[in-house]
Asker: 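A single structure is presented below for examination.
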Amino acid sequence: MKSLAITIESVRKAYGSYVALDDVSLDIQAGEFLTLLGPSGSGKTTLLMALAGFVRPDAGKLLLGDRDITRLPPNKRDIGIVFQNYALFPHMNVLANVAYPLFLRKMPRAEARQRALDTLARVQLDGLAERNIAALSGGQRQRVALARAIVFEPRVMLMDEPLSALDKNLRETMQYEIRRLHDDLGITTIYVTHDQREALIMSDRIAVMNCGRIQQIDTPQRIYDRPSTRFVAEFMGEANIVAPGSVRRIDSAEASGETLMVRAESFHLDAKLVGRDGIVLEGTLRAKAFRGENWLLTLTLDGGQDVLVCIPAALAGGCAGLATGQRVTAYAPATKVHPLPGASA
Ligand code: ADP
Ligand code: MG
């Protein structure tokens with residue numbers, strides 16, 4: 001199966017006076033797994049539906065390979081789609097649902113049946129071909145939707161929050177299965193989610209969206225460690241945005257005066273570390289919460305700002321003994337202190 005690059009060029013879409021996509025540009029490499037990540041209402045579905053052909057952009061261009069598909073009808077685009085609500089046909093059995101795209105493409109019956117059975121095996125649904133959709137669990141329905149999207153071997157796959165209806169354990173299993181399926185087929189995939197962990201686990205690159213705009217496109221690690229905006233920093237995890245004046249820098253470098261971003265889990269309470277390159281802050285322990293794998297501490301700095309500090313439970317013998325109201329010193333190494341250009345704390 002040959003995969004295809006996708007180019008999105010200055011795409012704009014407004015609903016009345018509301019701008020759902022504001023000049024969005026994005027290049028997706030052939031074979032890449034790219035995730036659109038953002039809060040509800042940020043324009044993820046609108047962008048996906050524009051690619052699928054169900055939303056017509058007001059301006060801009062969409063290319064598959066070097067072919068302009070901006071005005072092509074959905075069924076001519078060679079794109080497989082998996083929606084959030086599965087959109088399966090409830091009156092057909094599993095096999096008929098999966099074979100449906102082949103039937104639309106006029107494949108001979110026997111060949112379509114065999115191809116559908118092979119695809120069912122690929123998503124581990126062998127043996128359920130004759131089952132009614134109503135008699136399937138949520139996870140099984142999701143696999144049927146997946147099989148139906150890949151059965152005609154599209155060169156691009158679009159998935160809109162396909163796992164959001166599943167419970168946590170099944171969702172995590174399916175995250176790995178979808179990624180493995182992508183790797184096996186080499187199919188260029190655009191995946192939509194509002195769940196930052198899911199995006200981090202599954203993606204080659206993540207495009208973070210907010211208010212109809214792409215805020216940052218990068219690898220999961222860079223998005224997490226080196227966010228380019230305050231929005232990305234806070235959306236991706238527990239981030240502290242601190243003014244340079246509220247911390248003590250003990251690195252040799254001249255303090256740049258820039259606002260700093262430090263993730264909660266980058267802090268240590270070990271006094272032996274203080275003195276190495278990095279930052280030190282002192283505050284009063286205002287709250288502590290045990291979260292199973294770690295403790296979350298809230299320190300109030302003398303300037304009044306709250307800072308979140310996350311300490312692994314395995315290292316946190318000391319945390320159980322900490323009492324609210326006491327003074328706490330926290331240290332973060334220089335490698336974990338990221339300047340946020342243009343943000344004010
Ligand atoms: P997301 O998928 O990120 O939650 P959407 O792309 O569905 O966001 O929606 C982006 C914005 O556009 C939302 O504010 C939504 O209310 C609005 N919107 C989406 N579709 C329509 C429509 N058909 N008519 C009017 N507004 C719409
Ligand atoms: Mg959506």
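In listed order, ligands and their atoms are each counted from 1. None of these values were measured; they are calculated from a predicted model.
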Asker: What is the number of protein N, O or S atoms that sit under 2.8 Å away from the Mg ion (ligand 2)?
Answerer: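 Those protein atoms number 1 in total.
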Asker: Are the ring centres of Tyr191 and Phe33 closer than 6.0 Å?
Answerer: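 They qualify: ring centres under 6.0 Å apart.
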Asker: Would you give the length of the straight line joining atom CG of Leu64 to atom CD1 of Ile69, rounded to the nearest 0.5 angstrom?
Answerer: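 Result: 4.0 Å between the selected atoms.
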Asker: Are a donor atom and an acceptor atom from the side chains of Thr300 and Asp306 found within less than 3.5 Å of each other?
Answerer: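 Yes.
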Asker: Backbone N or O of Ala323 within a donor-acceptor pair of the Gln326 side chain at under 3.5 Å?
Answerer: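 Between the backbone of Ala323 and the side chain of Gln326 there is a qualifying donor-acceptor contact (under 3.5 Å).
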Asker: Taking the non-hydrogen atoms of Gly43, is any one of them nearer than 4.0 angstrom to ligand 1?
Answerer: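 Gly43: in contact with ligand 1 (<4.0 Å).
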Asker: Looking at atom 15 (C) of ligand 1, what's its closest protein heavy atom, distance included?
Answerer: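 Result: Tyr18 CE2, 4.8 Å.
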Asker: Evaluating non-hydrogen atoms only, which member of Leu37, Thr46, Val55 is closest to atom 5 (P) of ligand 1?
Answerer: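 Comparing heavy atoms across Leu37, Thr46, Val55, the nearest one to atom 5 (P) of ligand 1 lies in Thr46.
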Asker: Which of the numbered atoms in ligand 1 are below 4.0 angstrom from a heavy atom of Ser42?
Answerer: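 In order of numbering, the contacting atoms are 1 (P), 3 (O), 8 (O).
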Asker: What is the distance from atom OG1 of Thr324 to atom CZ of Arg286, rounded to the nearest 0.5 Å?
Answerer: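 Result: 10.5 Å between the selected atoms.
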Asker: Would you mind listing which atoms of ligand 1 come within a distance below 4.0 Å of any non-hydrogen atom of Ala20?
Answerer: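 So the answer, numbered in order with elements, is 12 (O).
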Asker: Return yes if a side-chain donor-acceptor contact under 3.5 Å exists between Ser42 and Asn210, otherwise no.
Answerer: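 Their side chains do not contain a donor-acceptor pair, so the 3.5 Å distance test is not met.
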Asker: Heavy-atom contacts with Pro39 under 4.0 Å: which atoms of ligand 1 show up? List them by number with element.
Answerer: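 Going through ligand 1 atom by atom, the ones under 4.0 Å from Pro39 are 3 (O).
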Asker: May I ask you to say whether Glu198 pairs ionically with Lys168, meaning some side-chain N is under 4.0 Å from a carboxylate O?
Answerer: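 No salt bridge links Glu198 with Lys168.
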Asker: Judged by modelled atom types alone, do Ser228 and Gln216 share a side-chain donor-acceptor pair under 3.5 Å?
Answerer: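 Short answer, yes.
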Asker: Of the choices Gly41, Ser40, Gly212, which has the non-hydrogen atom that lies closest to atom 13 (C) of ligand 1?
Answerer: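 It is Gly41 whose heavy atom sits nearest to atom 13 (C) of ligand 1.
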